[in-house]
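See structure below.
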Amino acid sequence: MTILVTGGAGFIGSNFVLDWLAENDEPVVNVDKLTYAGNLENLATLKDDNRHLFVKADIGDYDVMLDLLKQHAIRAVVNFAAESHVDRSIHGPEDFIQTNIVASFRLLEAVRCYWNSLEAQEQQNFRFLHVSTDEVYGSLDKTDPPFLETHQYQPNSPYSASKAASDHLVRAYHHTYGLPVLTTNCSNNYGPYHFPEKLIPLCIQNALLGKDLPIYGDGQQIRDWLYVKDHCSAIRRVLAAGQLGEVYNVGGWNEKANLDVVNTLCSILDELNPRSDGKSYVEQITYVTDRPGHDRRYAIDASKLERELGWKPAETFETGIRKTVQWYLDHQSWVNNVLSGEYQTWLDKNYAGRSA
Ligand code: NAD
Ligand code: TYD
């Protein structure tokens with residue numbers, strides 16, 4: 001048996017592939033287009049591992065995807081591939097529409113064709129697991145209860161709108177064609193191999209480089225943080241035991257305001273890697289112009305996943321964030337390789353116009 005993972009050179013996908021092969025011997029075909037966010041260095045430890053086959057391809061390439069599904073007799077697809085950064089979706093939504101909607105649709109078509117060709121028993125055993133986000137539910141007020149799976153879809157950014165569209169397509173393929181799908185909607189992840197355009201790795205790296213730690217608006221926006229390895233274990237659990245057609249929210253009950261997250265990063269860095277002038281990294285915090293349409297609060301109610309499938313996160317925010325800071329301190333060469341020309345162009349585009 002073999003599974004096919006898409007977007008497995010990105011942040012969560014590469015953690016998933018590494019954890020999957022550490023947990024069991026079932027081979028993985030890993031399909032990734034290698035956009036700016038895809039990095040084969042994340043998978044360097046699998047270089048000589050014949051359980052892992054990397055294929056550089058676009059999930060929107062119907063023929064390639066269908067060939068791979070047939071050739072490797074795939075029994076499950078885990079779909080991580082996406083454009084994932086809200087700020088990039090604001091500057092340029094086109095790629096988000098193309099990958100998150102159009103290419104996801106083409107992937108579903110290839111999977112549907114493949115699934116239709118399977119024997120009845122194989123059809124029953126097949127799974128298409130779509131990895132999505134809590135951002136499709138929109139923004140919560142301070143006192144609202146956390147998102148349940150039944151929460152109305154109210155996406156507010158081009159990113160979340162494009163993810164919402166793919167969630168709807170996945171749902172429709174189950175309802176209309178009987179495709180055996182599962183969907184997970186997870187809160188903000190953090191951990192190893194996180195691309196340093198996102199808040200946590202960006203602030204760790206900027207702190208170490210003596211640069212500003214940019215806080216959008218008042219920094220009181222709330223995100224619900226989950227250590228990436230816990231997201232991976234949740235996906236494994238849903239793949240193994242999830243009910244077909246069901247949606248599972250994934251989260252760790254870790255709501256934090258952005259400013260508190262950055263203050264925590266600063267105090268861990270003050271302890272593990274003190275500034276040479278003896279001052280705190282907090283001195284580098286800078287308030288910058290807010291993100292347009294910035295969602296105020298996300299919070300996930302993950303009780304369905306816990307109640308029905310017995311999943312619980314292993315890390316608290318305190319243990320996970322400490323491991324993450326330590327990982328970045330230990331993997332500065334990984335970060336430096338990521339900080340390429342394209343990344344510098346992005347920093348100019350996103351931060352140059354934001355007055356401090
Ligand atoms: P990422 O941007 O780090 O990685 C995405 C990967 O997909 C990259 O390796 C990229 O090269 C690849 N890719 C992009 N377009 C592709 C295409 N057309 N064909 C093949 N590969 C393509 O993203 P991530 O943070 O690892 O997120 C993975 C998934 O999890 C996404 O679907 C995202 O919406 C979802 N998610 C992310 C978070 C989070 O906090 N990062 C939270 C919940 C859900
Ligand atoms: P991000 O990591 O981009 O994830 P998302 O937008 O998907 O939640 O941002 C997390 C939060 O941090 C979000 O509220 C925006 C904020 N933020 C900043 O305040 N400064 C920054 O430089 C970045 C990248 C994000």
Per the ring-ring contact (aromatic ring centres under 6.0 Å, His included) rule, what does the pair list look like for residues 28-47, sequence neighbours excluded?
Tyr36-Phe195

Just say parallel, tilted or perpendicular for the rings of Phe128 and His130, cut-offs at 30° and 60°.
parallel

Look at the side chain of Lys323 and the backbone N and O of Glu315, then say whether any donor-acceptor pair between them is shorter than 3.5 Å.
no

May I ask you to check if Arg88 and Trp346 form a cation-pi contact, with NZ or CZ under 6.0 angstrom from the six-membered ring centre and within 45° of the axis?
yes

Could you tell me if Arg106 sits above the aromatic ring of Tyr62, with its cationic atom closer than 6.0 Å to the ring centre and no more than 45 degrees from the axis?
no

Shortest non-hydrogen separation from Asp32 to Gly38 and the atoms involved:
OD1-CA, 4.3 Å

Asp224 (side chain) donor-acceptor with Ile300 (main chain) under 3.5 angstrom
yes

For Val282, all residues meeting side chain to side chain contact (heavy atoms under 4.5 Å, CB included), sequence neighbours excluded
Asn263, Cys266, Ser280, Ile285

Is there a donor in the side chain of Asn273 and an acceptor in the side chain of Tyr281, or the other way round, less than 3.5 Å apart?
yes

Contacts of Tyr328 that satisfy side chain to side chain contact (heavy atoms under 4.5 Å, CB included) - sequence neighbours left out
His194, Pro201, Ile204, Thr324, Trp334, Val335

Would you say CD of Gln154 has more than 12 non-hydrogen atoms from neighbouring residues, nucleotides or ligands within 6.0 angstrom?
yes

Between Phe105 and Tyr173, how do the two ring planes meet: parallel, tilted or perpendicular, split at 30° and 60°?
perpendicular

Sorted by chain and residue number, the side chain to side chain contact (heavy atoms under 4.5 Å, CB included) partners of Tyr216 (sequence neighbours excluded) come out as Asp87, Val288, Asp290, Arg291, His294, Asn350, Tyr351, Arg354

Test of understanding: with side-chain hydrogen bond (donor to acceptor under 3.5 Å, both in side chains), list the residues that count as partners of Arg75, not counting sequence neighbours.
Glu26

Is any side-chain heavy atom of Thr286 closer than 4.5 Å to a side-chain heavy atom of Ile215?
no

Going by heavy atoms in the side chains, are Leu69 and Val77 under 4.5 Å from each other?
yes

Evaluate the criterion side-chain hydrogen bond (donor to acceptor under 3.5 Å, both in side chains) for residue pair Lys304 and Asn249; output intermediate values, then yes/no.
CA-CA 7 Å; Lys304 176 178 173 183; Asn249 280 353; over 6 Å; no

Flag the pair Ile97 / Glu94 as yes when at least one side-chain heavy-atom distance between them is below 4.5 Å, and no otherwise.
no

Note, Val261 side chain near Phe317 side chain (heavy atom, < 4.5 Å):
yes

Checking Ser117 now: which residues fulfil side chain to side chain contact (heavy atoms under 4.5 Å, CB included) with it, not counting sequence neighbours?
Tyr114

